[in-house]
Amino acid sequence: MGGDGGTEEELTAQETALYDRQIRVWGVDAQKRLSKAHVLVCGVNGTTIEFCKNIVLAGVGSLSLMDDHIVTEDDLSANFLIPHDVCMQGVSSRAEACCESLKDFNPMVRVAVAIGDPSLIDEGFVDRFDIIVVSCASLKTKLFLNDNCRKRSKHIAFYSVECKDSCGEIFVDLQNHSYLQKKPGGEPEQQELTYASLQEAISVPWKNLPKKTTKLYYAMRVLESYELSEGRNPGETGLSDLPAVLAWRKDMCDRMSLSESQIPTALLERLLAAGKKEHPPVCAILGGILGQEVIKSISCKGDPIKNFFYYDAADGKGIMEDIPPTPVEHFA
């Protein structure tokens, strides 16, 4: 994670036996770092549960789930950990409904429910974690949490992830990140990356972005900006809002000197029609990639995403966008 957290504590014999295969892949030091990492997930849905499953199986130190929303039948469509009988009772939160099942995946990982509102988290609470992952939250809440991570004296990595049916977006802010990259000759070389905050990334004038920037990036900015202006959470905007969203697109494109053709109406229609619905196969893809990225940031091994990742099942392509682009420094 760009930090130099110690790995002095040895793995127990039980941990070494359980994680033997992955230790052979990323090494003992990486596993030690992972076993000491504390992760907070704000927003429990199909995508973040896929992520949680992956890091629990990998042996993260602890995982805290924050989502006080009561489980509804809609949650069953993508969240495979919520039992149907829990949904019918209508008394458990999403975090509570998934906590025990996650413990069953790996009893050696501490999994707990964190009660609260992500938009009201204080700095002392943030300090308890090394990684914060946010989903199904307003742009205002994401900016608040990302800013809180950056203000702390310790290094806290920030991720946001959203799945809108067949489309998905991941944002990564590792602040200043050092990692080892294997070169063709096999020798590792240290790399340094400097990340933009979410506010900095979405504030870049569109006219300054490369022409090949994915249309999904622009479409997601239009929707989140419109939702923010209306005081709505992600997914609370639907097809009935299309005329207003198209007018919002025009206004943003005029201000940003971007052709409206870069944000196709058909793409906005797909995102609006999705509402809060997630497509399970896309959840699995996004959750898998996010899990891999968090493990890479904790272990300080391998090239991380910088700083947006997009997936669209319509063409099956995954695209990384570096916004704004920053040079990589090489060290011997």
Side-chain angles (χ1 to χ4, degrees), residues 1 5-69 71 75-76 78-87 89 91-116 125-135 156-157 159 161 280 283-284 286-301:
M1 294 183 296
T7 57
E8 299 87 359
E9 294 181 17
E10 295 299 321
L11 296 173
T12 66
Q14 187 179 4
E15 287 174 319
T16 302
L18 181 61
Y19 305 129
D20 176 65
R21 290 187 178 183
Q22 57 203 47
I23 287 174
R24 298 185 192 193
V25 174
W26 55 56
V28 173
D29 284 346
Q31 191 64 47
K32 288 180 185 178
R33 289 176 181 270
L34 190 61
S35 68
K36 294 174 63 179
H38 305 291
V39 179
L40 171 66
V41 172
C42 300
V44 176
N45 55 24
T47 303
T48 54
I49 279 302
E50 289 282 356
F51 161 73
C52 291
K53 174 201 69 178
N54 292 332
I55 62 166
V56 166
L57 289 173
V60 72
S62 73
L63 170 66
S64 296
L65 306 176
M66 179 176 284
D67 193 327
D68 295 343
H69 292 88
V71 172
D75 293 314
L76 299 178
N79 191 330
F80 65 91
L81 281 189
I82 297 179
H84 188 268
D85 61 335
V86 170
C87 171
Q89 293 168 8
V91 294
S92 296
S93 71
R94 294 172 184 161
E96 291 169 335
C98 298
C99 184
E100 292 305 316
S101 296
L102 283 169
K103 289 179 181 178
D104 291 339
F105 278 109
N106 188 347
M108 297 185 69
V109 174
R110 300 183 299 280
V111 183
V113 173
I115 298 173
F125 184 77
V126 169
D127 274 338
R128 292 164 51 184
F129 303 97
D130 305 294
I131 305 280
I132 292 182
V133 175
V134 186
S135 188
I156 305 174
Y159 298 82
V161 59
C283 292
L286 294 173
I289 291 171
L290 183 56
Q292 174 181 283
E293 289 304 309
V294 166
I295 290 171
K296 283 195 289 186
S297 73
I298 293 171
S299 66
C300 299
K301 290 185 178 181

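Given the structure is predicted, the values throughout are model-derived calculations rather than measurements.
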Which residues satisfy the side-chain contact (heavy atoms from CB on, under 4.5 Å) test with [X], sequence neighbours excluded?
X      : answer
Ile49  : Val44, Asn79, Phe80, Leu81, Cys98, Leu102
Thr12  : Gln14, Glu15, Met108
Lys301 : Ser299

Interatomic spacing from [atom1] in [X] to [atom2] in [Y] - rounded to 0.5 Å:
X      : Y      : atom1 : atom2 : answer
Arg33  : Trp26  : CZ    : CH2   : 14.0 Å
Asn54  : Glu293 : CG    : CD    : 12.5 Å
Cys283 : Asn45  : SG    : CG    : 6.5 Å
Cys300 : Ile295 : SG    : CD1   : 13.0 Å
Ser101 : Lys53  : OG    : NZ    : 13.0 Å
Tyr159 : Leu290 : OH    : CG    : 7.0 Å

Is [X] reaching over with its side chain to a backbone N or O of [Y], donor-acceptor style, under 3.5 angstrom?
X      : Y      : result
Ser92  : Ala97  : no
Asp68  : Gly116 : yes
Ser135 : Val161 : yes
Gln31  : Gln22  : no

(request) State which residues pass salt bridge (Lys or Arg N to Asp or Glu O under 4.0 Å) with Arg24; sequence neighbours excluded, sorted by chain then number. (result) Asp20
(request) Report the C-alpha separation of Ile298 and Asp130 in whole Å, then their side-chain angles, then the decisive distance to 0.1 Å, and conclude whether the side chain to side chain contact (heavy atoms under 4.5 Å, CB included) test is met. (result) CA-CA 9 Å; Ile298 293 171; Asp130 305 294; over 6 Å; no
(message) Is the shortest side-chain heavy-atom distance between Leu11 and Ile23 below 4.5 Å?
(response) yes
What residues form a side-chain hydrogen bond (donor to acceptor under 3.5 Å, both in side chains) with [X], not counting sequence neighbours?
X      : value
Asp104 : none
Asp127 : Arg152
Asn106 : Tyr19
Ser93  : Glu96

(request) Using the side-chain contact (heavy atoms from CB on, under 4.5 Å) rule, pick out the option among Leu65, Val41, Leu286 that qualifies with Thr48. (result) Val41
(message) Let's go through Met66 and Leu40 carefully: what are the C-alpha distance in whole Å and the side-chain angles of both, what is the deciding distance for side chain to side chain contact (heavy atoms under 4.5 Å, CB included) to 0.1 Å, and is it a yes or a no?
(response) CA-CA 7 Å; Met66 179 176 284; Leu40 171 66; 4.2 Å; yes
(message) Tell me every residue that passes ring pair (Phe, Tyr, Trp, His ring centres under 6.0 Å) with Phe129, counting only those two or more places apart in sequence or in another chain.
(response) Phe125
